[in-house]
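Quick note: residue numbers are just sequence positions, from 1. All ligand and atom numbering here is 1-based and tracks the order in the structure. Side-chain atoms are counted along with the backbone in the values below, which use heavy atoms only and exclude waters and symmetry mates.
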Amino acid sequence: MVLSAARQHLLGGIRLGAWGQHLLRGSRLGAWGQHLLGGIGSVYTDAKGFQEKEIREKLQAFPGGSIDLVKQESGIAVLTVNNPARMNAFSGSMMVELEERVSQLEEWTEGKGLIIQGAAGTFCSGSDLNAVRAISNPQDGMKMCTFMQNALTRLLRLPLLSVALVEGNALGGGAELTTACDFRLMAPGSVIQFVHKHMGLVPGWGGAARLVRIVGGQNALKMLGGALKIDPEMGLQIGLADGVLEGSLAGSGANALLEAEQWLGCYTTGPAPVIRAIKSVVVSGRELPLEVALRTERDVFGTVWGGPANLQALATKAKHK
Ligand SMILES: CC[C@@H](C(=O)O)C(=O)SCCNC(=O)CCNC(=O)[C@H](O)C(C)(C)COP(=O)(O)OP(=O)(O)OC[C@H]1O[C@@H](n2cnc3c(N)ncnc32)[C@H](O)[C@@H]1OP(=O)(O)O
């Protein structure tokens, strides 16, 4: 197969999950369809000068907290940012763990949805300022950003419908993490705030690029320029929030999670191959030039057309009243 330079560029650094590998062998899918169904991969690669191993070792020098993953029978996984003593700030080792959890999710072929939450009733207060102080030079900062951009890009591209369950505060890198999900649900009293200006910074984990795509350039400029505190009402108004949790259920982590699962269930009910294909065509439409997206959509369509769910629906003469 001869690839154009642009497509070769686009394909550089792609990492296939198990499902993608499976499809690769003798399937009708084009390259992008294969990658999308397996969760497409990284922005930066070793070939492009990204020293992942070196950065990983450096980050491991700042331990604390954990990133916990529970994959449930329902097909919805729960990822918890867990460092409550520091309001769930990201230590270096948590950044490395996040990347490892994303790899595990890329391999999870039965998955349909993902909820990201913080431990103990608050979302995430960004980078651990103790680690930030220790690497406060441009070279180390850019290496950390490269690592996090890769991890969060892979997270957003997973063939799972993902939702950030925001309780308490999502600040700095925590606000950026919410934008690496398909949806944001906010609990009453919660705040999403890009505090970067107050830290003499701009977002570096890809949060600005994603924010512009979610709320538009005007709103993104206001949010970053004013370091605005976005509450649930404002979040809904500008399209940052996709829903607000019921006050009666919020306030207890378990109830908030239950409510988020119910909310996400409206979109993940159905067979995994179909839900994953839906996310894949949306990622391709979101990220690719139209012609490539159209070809990819056709290829993904080919994986479900005549498939078990399709044949069953045809056999039952479904009516959509
Ligand atoms: C590139 C950098 C950028 C990014 O990655 O994009 C960043 O994220 S930079 C970090 C941005 N975040 C912050 O600046 C948060 C600063 N913290 C706060 O504003 C407040 O702590 C809070 C999150 C609003 C919570 O306030 P409050 O409820 O009053 O609790 P405390 O302030 O007492 O916090 C409890 C405890 O947690 C520690 N903490 C909080 N955030 C961080 C953090 N980001 N890194 C390290 N530690 C953090 C805080 O210091 C307290 O510790 P103790 O004093 O030891 O109790």
Side-chain angles (χ1 to χ4, degrees), residues 43-44 55-56 58-67 80-99 102 116-153 155-156 164-181 184 186-212 214-215 220-221 223-232 235 240 250-251 253:
V43 180
Y44 307 101
I55 300 174
R56 186 181 284 271
K58 189 149 208 158
L59 291 172
Q60 293 281 23
F62 303 100
S66 61
I67 303 290
T80 304
V81 181
N82 188 358
N83 192 7
R86 293 183 176 170
M87 309 305 275
N88 300 326
F90 262 88
S91 66
S93 62
M94 286 166 72
M95 293 180 192
V96 172
E97 272 190 41
L98 176 72
E99 190 273 337
V102 171
I116 301 188
Q117 65 172 3
T122 192
F123 190 73
C124 170
S125 63
S127 298
D128 182 335
L129 290 169
N130 303 295
V132 167
R133 281 181 202 106
I135 59 163
S136 58
N137 64 79
Q139 292 76 20
D140 283 342
M142 285 170 68
K143 284 178 184 169
M144 183 267 288
C145 279
T146 305
F147 187 88
M148 287 302 282
Q149 282 190 9
N150 256 2
L152 294 181
T153 302
L155 177 69
L156 185 55
L165 166 54
V166 183
E167 297 180 276
N169 290 306
L171 305 184
E176 297 194 61
L177 175 60
T178 71
T179 65
C181 294
R184 282 145 294 282
M186 294 182 75
S190 65
V191 167
I192 298 176
Q193 187 182 13
F194 287 76
V195 296
H196 302 77
K197 187 179 89 164
H198 293 326
M199 305 297 295
L201 292 169
V202 294
W205 296 359
R210 291 187 297 269
L211 185 66
V212 168
I214 296 166
V215 300
L221 263 183
M223 283 176 66
L224 299 184
L228 301 183
K229 287 186 180 179
I230 305 297
D231 63 17
L240 183 63

Contacts under 3.5 angstrom, residues 138-149 side chains, donor-acceptor by atom type, not counting sequence neighbours:
from : atom 1 : to   : atom 2 : distance (Å)
D140 : OD1    : K58  : NZ     : 3.1
D140 : OD2    : K58  : NZ     : 3.4
D140 : OD2    : N137 : ND2    : 3.0
K143 : NZ     : E54  : OE2    : 2.9
T146 : OG1    : M142 : O      : 2.6
Q149 : OE1    : Y44  : OH     : 2.6
Q149 : NE2    : G204 : O      : 3.0

Gap between atom CG of L171 and atom OG1 of T178 - 0.5 Å precision: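 With rounding to 0.5 Å, OG1 (T178) is 10.5 Å from CG (L171).
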Could you pull out the N/O contacts under 3.5 angstrom between ligand 1 and the surrounding protein atoms?
from     : atom 1 : to   : atom 2 : distance (Å)
ligand 1 : 5 (O)  : S127 : OG     : 2.5
ligand 1 : 6 (O)  : G173 : N      : 3.3
ligand 1 : 6 (O)  : E176 : OE2    : 2.7
ligand 1 : 6 (O)  : H196 : NE2    : 2.9
ligand 1 : 8 (O)  : S127 : N      : 2.9
ligand 1 : 8 (O)  : G173 : N      : 2.9
ligand 1 : 12 (N) : S125 : O      : 2.8
ligand 1 : 37 (O) : A85  : O      : 3.3
ligand 1 : 41 (N) : S125 : OG     : 3.0
ligand 1 : 44 (N) : S125 : O      : 3.1
ligand 1 : 44 (N) : S125 : OG     : 3.3
ligand 1 : 44 (N) : S127 : O      : 2.9
ligand 1 : 45 (N) : L129 : N      : 2.8

Side chains of L165 and I116 in contact at under 4.5 Å (non-hydrogen atoms): no
Set of ring pair (Phe, Tyr, Trp, His ring centres under 6.0 Å) partners for F90, sequence neighbours left out: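 Checked F90 against ring pair (Phe, Tyr, Trp, His ring centres under 6.0 Å); matches are W205.
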Between S190 and E167: side-chain donor-acceptor atoms closer than 3.5 Å: no
Pairwise salt bridge (Lys or Arg N to Asp or Glu O under 4.0 Å) hits with a residue in residues 122-136, at least two apart: R86-D128
